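Note that the structure is a prediction, hence the values are computed from the model and not measured. Counting convention: from 1, in listed order, for ligands and their atoms alike.
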Amino acid sequence: MPAGTQVDYDGLIPNNVGLNADLALRRALETWHPGYIDWWKGSGPAGFQDSLVYLRTAIGVDPEGWARFGFVKMPDYRWGILLAPAVEGRRIGFGAHKGEPAWQEVPGEYRAALRRLLVIQGDTEPASVEQQRHLGATAPSLYDLRNLFQVNVEEGRHLWAMVYLLQKYFGRDGREEAEDLLRRRSGDPDAPRMLGAFNEATPDWLSFFLFTFFTDRDGKMQLAALAQSAFDPLSRTCRFMLTEEAHHMFVGDTGIQRVVQRTLEAMRAAGIDDPTDVERVRALGVVDLPTLQRKMNLHFSLTLDLFGNELSSNAANAYTAGLKGRYREDKIDDDHLLRAATYPVLRWRDGAAVTEPAPALSALNMRLRDDYVAECEHGVARWNKAIAAAGYGFRLILPHVGFNRRIGAFAGAPIAPDGTILEAAAWQARRDAFLPSAADGAYIESLMRPVAVPGQYAPWIAPPRAGIDNKPGDFEYVRMAE
Ligand code: BYC
């Protein structure tokens, strides 16, 4: 078995980082643990804390060992600290230290920058759990309820992952940051979460699926960039987190697919040929495609803001220092220094969107965002395939990257989802055609009626093609507390 794959399950905190041999760290983490459980009970999933949920728990980090399924009460979930196996002789792949051995400790000059990256990453994890805390009450099935909780416990574990790095490598500063990660709350006016999208509401299951499709995918891109880090413990942590992240995006991708499928079936059965005949489609109790498009417009634009400014000296410095690479840096064929390279960047100039070459080092956020958008396109193409196969001409689209932005070159630019540039007043007047309106919200909310009978699904969503862990269709994924 490669070094670091063996997980110690005996103590309070399952881990493969040798916690038993590091008493000071163990004590620090055990001191943090009760606050985490308080946070989970107070700000994690509302209700269901005494229910038995069919969850997977990582019991090893090798491909066979990391997904073991069983019934567990969520507060008893074994949140552990798990790093992907060390790569023997790993060397730094980019930036000024390229070719040097990867670091096992944090170089003094990069402490502040690295700490900031870890704190921002860590802050998003509990934030998403807080955003999703009321969704259990309206789950469309026990299968979906279980998937929600799986995502939630793993986001909780991802918080542990960052807290481990902060406490092990950043001393007292790290302990203070770990406390603050439990202090901030999504949407709290006095102590909000750090990034914009993580203070937005996730009011319904359509939002949840779009969040896991779009926003968790930002998580994937950012973790993939951090997995390239010269700081080896961060790289190993992120590599293991990425294995869990894949399921979260599966939940979003297939969730939207199932919503679309159900809408198509209902429209066909009712003889509706025009998917934009919203009144008739809504009378069937399914999600009309124009509303889905507006919800997509919202979640996509909120998530693009998470990539920061298109041109960023923070990103350039992090790259040169070796802290954060590009997506699949190790598969890119160039000098991995980027001192002379340029990259095409979309800018907002005199009321028009124009592409201009910029220094590639400054344009790393833009490049990661481009990689992200390309991945999103694939998902949307899959949904459109189902729509076309059902004989409808309607197409879901990703809105223009300048639409509805608050961060970066396009912040406040009056660009329509199709890329048309409008007068600011005209944009405002059409807001409800671009983004979910109050009426859309009320309609979606009216669909959110819980279904808790094994094997049954709310009428607005199709059943999944297969069960979790190959369980049969009527499997009771969540056993409610008496
Ligand atoms: N909201 O130089 P810039 C996930 C700030 S999601 C508020 O362009 P940089 C997950 C920025 O902090 C992935 N503020 O920024 C998904 C900076 O502030 P300071 C989370 C923002 O550093 C679902 C200033 O504006 N991980 O894992 O190049 C469920 C100047 O900006 C925002 C990471 O993001 C915003 N949207 O890029 C659960 C990775 N954007 O320093 C989990 C770690 C920017 O001047 N973070 N600002 O005070 C990073 O790599 C970078 O911090 C960012 C920003 C990409 C976020």
Side-chain angles (χ1 to χ4, degrees), residues 44 112-133 148 150-162 165-166 177 181 184 186-187 192-200 202 207-229 231 234 237-238 241-242 244-249 251-252 299-321 323-327 345 358 361-369 371-372 404-411:
L114 192 59
R115 180 176 127 194
R116 178 176 163 276
L117 288 174
L118 298 182
V119 168
I120 293 179
Q121 179 62 50
D123 192 68
T124 63
E125 314 290 2
S128 69
V129 177
E130 292 158 9
Q131 288 172 295
Q132 296 162 13
R133 80 176 293 246
L148 167 72
Q150 183 73 58
V151 169
N152 291 164
V153 293
E154 285 174 353
E155 299 301 7
R157 207 199 64 72
H158 292 181
L159 170 61
W160 273 94
M162 291 303 127
L165 293 175
L166 286 166
E177 294 285 14
L181 285 166
R184 290 185 288 273
S186 175
R193 291 296 175 183
M194 297 172 85
L195 298 179
F198 291 91
N199 289 303
E200 300 284 333
T202 308
S207 300
F208 172 65
F209 292 136
L210 289 167
F211 184 95
T212 41
F213 180 82
F214 285 118
T215 310
D216 277 82
R217 194 174 306 276
D218 169 50
K220 170 190 161 176
M221 304 307 290
Q222 301 290 350
L223 290 173
L226 293 172
Q228 302 284 341
S229 184
F231 180 47
L234 174 61
T237 300
C238 291
M241 289 164 78
L242 281 165
E244 294 167 317
E245 206 61 47
H247 175 69
H248 305 185
M249 287 177 294
V251 168
H299 285 273
F300 182 67
S301 55
L302 285 173
T303 305
L304 291 185
D305 280 344
L306 295 175
F307 289 85
N309 288 282
E310 287 83 349
L311 295 178
S312 162
S313 54
N314 282 340
N317 292 339
Y319 184 88
T320 300
L323 304 181
K324 181 179 172 188
R326 289 171 291 179
Y327 185 54
V345 173
L361 258 186
S362 310
L364 287 163
N365 288 346
M366 173 81 196
R367 179 175 177 135
L368 194 61
R369 196 185 79 193
D371 290 333
Y372 167 80
N404 191 42
R405 298 294 307 281
R406 291 187 214 159
I407 301 271
F410 291 91

I'd like the name of whichever of [options] reaches closest to [atom] through any heavy atom.
atom	options	value
atom 53 (C) of ligand 1	Leu304, Thr212, Leu306	Leu306
atom 14 (N) of ligand 1	Val119, Asn309, Leu311, Leu195	Leu195
atom 37 (O) of ligand 1	Asn314, Asn365, Ile407, Ile120	Asn365
atom 44 (C) of ligand 1	Ser362, Cys238, Gly308	Gly308
atom 20 (C) of ligand 1	Gln121, Glu125, Glu155	Gln121
atom 28 (O) of ligand 1	Ala225, Ser312, Pro126, Ala315	Ser312
atom 50 (O) of ligand 1	Lys324, Gln222, Met366	Lys324

What are the atoms of ligand 1, with element, lying closer than 4.0 Å to any heavy atom of [X]?
X	value
Asp305	35 (C), 36 (N), 40 (N)
Ser128	29 (C), 38 (C)
Leu117	43 (C), 46 (N), 49 (C), 50 (O)
Thr215	16 (C), 23 (C)
Phe211	23 (C), 29 (C)

>> Using heavy atoms and a 4.0 Å limit, tell me yes or no: is Met194 in contact with ligand 1?
In response: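 A heavy atom of Met194 does come that close to ligand 1.
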
Less than 4.5 Å apart, any side-chain heavy atom of [X] and any of [Y]?
X	Y	result
Tyr372	Phe214	yes
Val345	Arg367	no
Leu195	Thr124	yes
Glu310	Phe410	yes
Arg369	Asp305	no
Leu166	Leu181	yes
Met366	Leu311	no
Glu130	Asn199	no

> Nearest protein heavy atom to atom 55 (C) of ligand 1: under 4.0 Å?
Replying inline: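 Neighbour list for atom 55 (C) of ligand 1 includes protein heavy atoms (cut-off 4.0 Å).
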
> Any protein heavy atom sitting closer than 4.0 Å to atom 24 (C) of ligand 1?
Replying inline: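 Looking at atom 24 (C) of ligand 1, one finds that no protein heavy atom lies closer than 4.0 Å.
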
> Can a salt bridge be assigned to the pair Arg406 and Glu200 using a cut-off of 4.0 Å between side-chain N and carboxylate O?
Replying inline: yes

>> Run Glu245 and Arg217 through salt bridge (Lys or Arg N to Asp or Glu O under 4.0 Å) and show every step you take.
In response: CA-CA 8 Å; Glu245 206 61 47; Arg217 194 174 306 276; over 6 Å; no

>> For Phe214, which part has a heavy atom under 4.0 Å from ligand 1: side chain, backbone, both, or neither?
In response: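 The answer is neither.
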
Checking the N or O distance criterion of under 3.5 Å, is ligand 1 in contact with [X]?
X	result
Asp216	no
Asp218	no
Gly219	no
Glu245	no

> For atom 22 (O) of ligand 1, what's the nearest protein heavy atom and its distance?
Replying inline: Arg116 NH2, 3.0 Å

> Looking only at protein heavy atoms, which one is nearest to atom 1 (N) of ligand 1, and how far off is it?
Replying inline: Gly196 N, 3.1 Å

> Only one of Arg157, His158, Gln150 forms a side-chain hydrogen bond (donor to acceptor under 3.5 Å, both in side chains) with Glu154, so which one is it?
Replying inline: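 When Arg157, His158, Gln150 are each tested with Glu154, the side-chain hydrogen bond (donor to acceptor under 3.5 Å, both in side chains) holds only for Gln150.
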
> Are Arg193 and Asp123 close enough, and set up right, to give a salt bridge (Lys or Arg N to Asp or Glu O under 4.0 Å), and what steps lead you there?
Replying inline: CA-CA 6 Å; Arg193 291 296 175 183; Asp123 192 68; 2.9 Å; yes

>> Parallel, tilted or perpendicular, judged at 30° and 60°: which one describes the rings of Phe198 and Phe211?
In response: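 Geometry flag for Phe211 against Phe198: perpendicular rings.
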
